[in-house]
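Report on the structure given below.
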Amino acid sequence: MAHARAVIPDDFELPVEAFDIPLCYQGDLSGVVIPEGLVRDRVRRLAKDIHAEIGNKPIALLCVLKGSYKFFTALVEELTNARSACPEPMTVDFIRVKSYEDQTSTGQIQIMGLSNLDELKGKSVLVVDDISDTGRTLAKLLSTLKETGVEKTWTALLLSKRVKRHVEVPEDFVAFEIPDKFIVGYGLDYNQKFRDLGHICVMSPAGIEKYKS
């Protein structure tokens, strides 16, 4: 079942000066593409869509750290409200996924966090991630969960970037579709900076240069 997503046009950016941006990030951003209030509104609707499809069955939410922590927190809150009359429990787990890509693009991932992936065996799992671009890491994670014996998986994504996918992955619930720009904020980082930024913004060339490793 296809669900509506909010599509951000390629040329859409709101002026940084119109928003409350932390002083430490002044000059680092070229524009605001998704204000924090709009994110929360979309997450509320996304939670309703998820509940409408999954229904009252027990569900495990799997947060892919670090980038999705703010999205995950908001989604859990809204899903709790949407499932207030649900007789089955909702559980939460957290993992970190580190990806390795070599020149032949074989791709490997290391999953850290869950003491034992077998804890998810036989469960229905909603994988909550911040962004989908190449598709490689998410595809590997979903494959690993299937091999573990997870009964059913869905994906909930804050952002889906309009770029060519190296691997096609299911994008079941997507808050926003965005252009191919250097995005930070609302949990997404650049060299561990900007995760605390409430709005989703585009980096400026000066900011990229300032924080590059």
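Along the sequence shown, residues are numbered consecutively beginning with 1.
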Mind checking what makes salt bridge (charged side-chain N to carboxylate O under 4.0 Å, His left out) contact with E151, not counting sequence neighbours?
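Once residues adjacent in sequence are excluded, E151 has no partner under the salt bridge (charged side-chain N to carboxylate O under 4.0 Å, His left out) criterion.
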
When hydrophobic residues are tied together by side-chain contacts of less than 4.5 Å, even through go-betweens, does V7 share a cluster with V33?
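Per the 4.5 Å side-chain linkage, V7 and V33 are not co-clustered.
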
Joint cluster assignment, L14 & Y186, ILVMFWY side-chain distance < 4.5 Å:
yes

Taking 4.0 angstrom as the limit, do [X] and [Y] come out as a salt bridge?
X	Y	value
E171	R5	yes
E77	R40	yes
K57	E88	no

What is the distance from atom [atom1] of [X] to atom [atom2] of [Y], rounded to the nearest 0.5 Å?
X	Y	atom1	atom2	answer
L62	L145	CG	CG	6.5 Å
C86	I59	SG	CD1	10.0 Å
L61	L126	CG	CG	4.5 Å
F94	L65	CZ	CG	6.5 Å
I183	D133	CD1	CG	11.5 Å
L79	R44	CG	CZ	12.5 Å

Between [Y] and [X], is there a side-chain heavy-atom distance shorter than 4.5 Å?
X	Y	answer
V202	L29	no
W154	I50	no
I208	Y190	yes
D180	D10	no
S30	E13	yes
E53	K48	no
R165	S160	yes
I131	L157	no

Is the side chain of [X] donor-acceptor paired with the backbone N or O of [Y] at a distance under 3.5 Å, no angle test?
X	Y	result
T155	D172	yes
N56	P87	no
S204	G207	yes
K181	K161	no
T80	V76	yes

Hey, mind stepping through V128 and L158 against side chain to side chain contact (heavy atoms under 4.5 Å, CB included) and telling me if it holds?
CA-CA 8 Å; V128 181; L158 174 61; over 6 Å; no

Are more than 12 heavy atoms, taken from residues, nucleotides or ligands other than D20, located less than 6.0 Å from that residue's CG atom?
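12 or below, so no.
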
Before giving the answer on side chain to side chain contact (heavy atoms under 4.5 Å, CB included), spell out for I34 and R42 the whole-Å C-alpha distance, their side-chain angles and the decisive distance to 0.1 Å.
CA-CA 11 Å; I34 311 174; R42 272 295 294 141; over 6 Å; no

Could you list the residues that satisfy side chain to side chain donor-acceptor pair (under 3.5 Å) with D49, not counting sequence neighbours?
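For D49 the side chain to side chain donor-acceptor pair (under 3.5 Å) partners, ignoring immediate neighbours, are R45.
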
What pair of heavy atoms forms the shortest contact from [X] to [Y], and how long is it?
X	Y	result
P170	L138	O-CD2, 4.4 Å
C63	Y69	SG-CA, 4.3 Å
D93	E119	OD1-OE1, 4.4 Å

Salt bridge (Lys or Arg N to Asp or Glu O under 4.0 Å) contacts in which one or both residues fall within residues 201-213, not counting sequence neighbours
D28-K210, E209-K212

For residues 190-203, pull every pair meeting salt bridge (Lys or Arg N to Asp or Glu O under 4.0 Å), keeping only residues two or more places apart or in separate chains.
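Residue pairs passing salt bridge (Lys or Arg N to Asp or Glu O under 4.0 Å), neighbours aside: D189-R195.
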
Using the test side chain to side chain contact (heavy atoms under 4.5 Å, CB included), find all partners of P15 that sit at least two apart in sequence or belong to another chain.
E17, A18

Working for side chain to side chain contact (heavy atoms under 4.5 Å, CB included), residues T137 and D129:
CA-CA 11 Å; T137 300; D129 207 354; 5.8 Å; no

Ring geometry between F173 and H3 (parallel below 30°, tilted from 30 to 60°, perpendicular above 60°):
tilted

For residues 9-61, which residue pairs pass the ring-ring contact (aromatic ring centres under 6.0 Å, His included) check, not counting sequence neighbours?
F19-H199, Y25-F194

For the pair V127 and V64, evaluate side chain to side chain contact (heavy atoms under 4.5 Å, CB included) and give the outcome as yes or no after the intermediate values.
CA-CA 7 Å; V127 177; V64 182; 3.9 Å; yes

